[in-house]
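First up is the structure itself, then whatever we jot down about it.
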Amino acid sequence: MAGILNKVFPSLVWNIPTKKKVIYLTFDDGPHTKLTPFILQELAKYNAKATFFLLGKEAESKPSLHKELLENNHSVGNHTFSHPNGWLTKNSRYYSDVEKCNKILNTKLFRPPYGKIKPSQIWRLRKTYKIIMWDVLSWDFHEKMTAEKCFNLIKKKTKNGSIIVFHENDKALENVTYCLPKTLKYFSDLGYEFKAIEATDL
C-alpha cells in the first residue's frame, strides 16, 4: 500500500528506504501520563530512539513529559493541537490548529490525525513540514485488536526502513504495554537498530 500511495503522494514519507536493518518507531497522540514514562523506560533498555507525534493540547498540559522526550534525544513531531480530521475540517481551521501546536513544539515533522489529509493541505503544509505517514499500522487502538495479534501484525509487516505507528492513549494502553517490549526484543535480536526520524535526513 505504501508503495502505491508513494506514487500518488510522493511528497509524503511512508517509509525510509534503506538496506540497513533500521526501524523507525513512532507514537501518536501523547504525551500520556501512564504510557510515555513506560515507553521511555522500554526504549532506554535497547538504546532505542523514536519519534513522538504529540498533540499540542497534551504537550501543553504535560510540559515535563515533553521536555523529557527531548532530553532523551527522541524526535518530536506535530500531530495538530486538537486532533481534527483533515478531510472534514476547513483548511483555514486546520492550518490554524497545526500552527497552534507548533508554537509549543517547534518542529519540522508533521503527521495528520487519522492519516486523513486533503491534497490542498498537503500542498500547503509540505512547504514547512516533512509529512510523515507509515507503512506499518499496529492497530493498537482498535477494540478488536488483541495484544498478540498486534504483535504478530508488526512482525509480519515490518522490514528495513519501516515506520511503525503506536499510540499514546487510553485505548492503546494494554496493547502497547504488551507489544512494545516484545517488538524491541524481537527486532533487536534480529540485529535491527531503532532510530528517530530527523527532518534534516529526509
Side-chain angles (χ1 to χ4, degrees), residues 12-14 16 23-44 48-86 89 93-117 121-122 124-141 162-177 179-180 183-184 194-202:
L12 305 187
V13 179
W14 298 90
I16 301 175
I23 294 171
Y24 299 89
L25 297 175
T26 67
F27 299 88
D28 289 4
D29 300 348
H32 187 274
T33 305
K34 292 182 179 179
L35 269 177
T36 303
F38 171 80
I39 291 167
L40 287 172
Q41 174 185 297
E42 294 302 311
L43 292 174
K49 300 304 175 187
T51 307
F52 293 79
F53 288 93
L54 305 181
L55 291 173
K57 64 180 181 179
E58 300 297 338
E60 187 175 60
S61 66
K62 304 173 184 70
S64 61
L65 288 177
H66 176 205
K67 182 180 179 183
E68 191 173 357
L69 294 174
L70 298 174
E71 288 177 343
N72 283 277
N73 297 314
H74 297 292
S75 291
V76 166
N78 185 326
H79 198 46
T80 73
F81 187 86
S82 62
H83 210 265
N85 182 328
T89 307
R93 179 170 171 264
Y94 193 75
Y95 303 145
S96 177
D97 203 84
V98 171
E99 289 311 303
K100 186 177 181 181
C101 178
N102 220 44
K103 287 179 180 178
I104 299 166
L105 302 184
N106 188 29
T107 176
K108 295 295 184 183
L109 300 175
F110 175 74
R111 172 174 285 163
Y114 313 103
K116 294 179 178 179
I117 185 169
Q121 293 164 352
I122 292 172
R124 167 75 174 268
L125 292 174
R126 72 180 184 182
K127 296 178 180 180
T128 303
Y129 303 94
K130 296 293 185 180
I131 303 175
I132 311 298
M133 304 299 275
W134 60 82
D135 62 340
V136 182
L137 179 61
S138 68
W139 293 97
D140 53 359
F141 57 89
S162 279
I163 298 175
I164 303 174
V165 181
F166 287 107
H167 291 79
E168 294 182 272
N169 57 39
D170 291 343
K171 291 180 181 179
L173 180 61
E174 185 176 338
N175 284 341
V176 173
T177 303
C179 285
L180 181 60
T183 298
L184 287 163
F194 301 91
K195 290 187 175 182
I197 299 171
E198 301 287 349
T200 53
D201 294 336
L202 301 174

> Of the non-hydrogen atoms in Thr33 and Leu65, which two are nearest, and what is the gap between them?
Replying inline: CA-CD1, 4.2 Å
> Got a sec, which residues hit salt bridge (charged side-chain N to carboxylate O under 4.0 Å, His left out) with Lys57, two or more places apart in sequence or on another chain?
Replying inline: none
> Rounded to the nearest 0.5 Å, how far apart are CG of Asp29 and CG of Leu54?
Replying inline: 9.5 Å
> Taking all non-hydrogen atoms of both residues, which atom of Leu137 and which atom of Phe141 are closest, and how far apart?
Replying inline: CD1-CE2, 4.2 Å
> Below 4.5 Å, heavy atoms only, C-beta onward: do Phe110 and Val98 meet side chain to side chain?
Replying inline: yes
> Do any pairs count as a side chain to side chain donor-acceptor pair (under 3.5 Å) and have a residue in residues 104-116, sequence neighbours left out, and if so which ones?
Replying inline: Thr26-Arg111, Asp28-Arg111, His83-Tyr114
>> What I'd like to find out is whether the side chain of Asn102 reaches to under 4.5 Å of the side chain of Tyr129, using heavy atoms alone.
In response: yes
> Ile131 and Ile122: side-chain contact (heavy atoms from CB on, under 4.5 Å), yes or no, with the steps?
Replying inline: CA-CA 8 Å; Ile131 303 175; Ile122 292 172; 4.2 Å; yes
>> With salt bridge (charged side-chain N to carboxylate O under 4.0 Å, His left out) as the rule and sequence neighbours excluded, what pairs involving residues 66-83 come up?
In response: Lys67-Glu71
> Are the side chains of Ile132 and Thr51 in touch, meaning some heavy atoms are under 4.5 Å apart?
Replying inline: no
> Is the shortest heavy-atom distance from the side chain of Phe52 to the side chain of Glu168 under 4.5 Å?
Replying inline: yes
>> Quick one: does any side-chain atom of Asn169 pair with a main-chain N or O of His32 as donor and acceptor, under 3.5 Å?
In response: no
> What residues form a salt bridge (charged side-chain N to carboxylate O under 4.0 Å, His left out) with Glu58, not counting sequence neighbours?
Replying inline: Lys62
> Listed by chain and number, what are the side-chain hydrogen bond (donor to acceptor under 3.5 Å, both in side chains) partners of Ser82, not counting sequence neighbours?
Replying inline: Asp97
>> For Glu60, give me all partners under side chain to side chain contact (heavy atoms under 4.5 Å, CB included), at least two apart in sequence or on another chain.
In response: Phe81, Ile104
>> Tell me every residue that passes side-chain hydrogen bond (donor to acceptor under 3.5 Å, both in side chains) with Ser138, counting only those two or more places apart in sequence or in another chain.
In response: Asp140
> From Thr183 OG1 over to Glu42 CD, what is the distance, rounded to the nearest 0.5 angstrom?
Replying inline: 10.5 Å
> Looking at residues at least two apart in the chain, or sitting in another chain, which of them share a side chain to side chain contact (heavy atoms under 4.5 Å, CB included) with Arg93?
Replying inline: Pro84, Thr89
> For Ser162, which residues count as a side-chain hydrogen bond (donor to acceptor under 3.5 Å, both in side chains) partner, sequence neighbours excluded?
Replying inline: Asp135
>> Is the shortest side-chain heavy-atom distance between Pro113 and His79 below 4.5 Å?
In response: yes
>> In terms of relative ring orientation, are Phe27 and Phe166 parallel, tilted or perpendicular, with 30° and 60° separating the classes?
In response: parallel
> What residues, two or more places apart in sequence or in another chain, satisfy side chain to side chain contact (heavy atoms under 4.5 Å, CB included) together with Leu173?
Replying inline: Lys34, Leu35, Thr177
> Leu105 and Ala59: which non-hydrogen atoms are nearest, and at how many Å?
Replying inline: CD2-CB, 3.9 Å
> Looking only at heavy atoms, what is the nearest atom pair of Asn73 and Lys49, with distance?
Replying inline: O-CD, 3.7 Å
> What closest approach, in Å, do Pro63 and Ser61 show between heavy atoms, and which atom pair accounts for it?
Replying inline: CD-C, 3.4 Å
> Nearest heavy-atom pair of Leu125 and Tyr94: which atoms, and what distance?
Replying inline: CD1-CE2, 3.9 Å
>> Any non-hydrogen side-chain atom of Leu109 less than 4.5 Å from a side-chain atom of Asn78?
In response: no
>> For Gly56, is there any backbone N or O sitting under 3.5 Å from a side-chain donor or acceptor partner on Lys103?
In response: no
> In chain order, what residues pass the side-chain hydrogen bond (donor to acceptor under 3.5 Å, both in side chains) check against Asn85, with sequence neighbours excluded?
Replying inline: none
> Heavy-atom count around Glu174 CD within 6.0 Å, excluding the residue itself: above 12?
Replying inline: no
> Side chains of His74 and Leu40: does their closest heavy-atom pair fall under 4.5 Å?
Replying inline: yes
Less than 3.5 Å apart, which donor and acceptor atoms pair up between the side chains of residues 194-202 and the rest of the protein, not counting sequence neighbours?
unit_1, atom_1, unit_2, atom_2, d
Glu198, OE2, Ser75, OG, 3.2

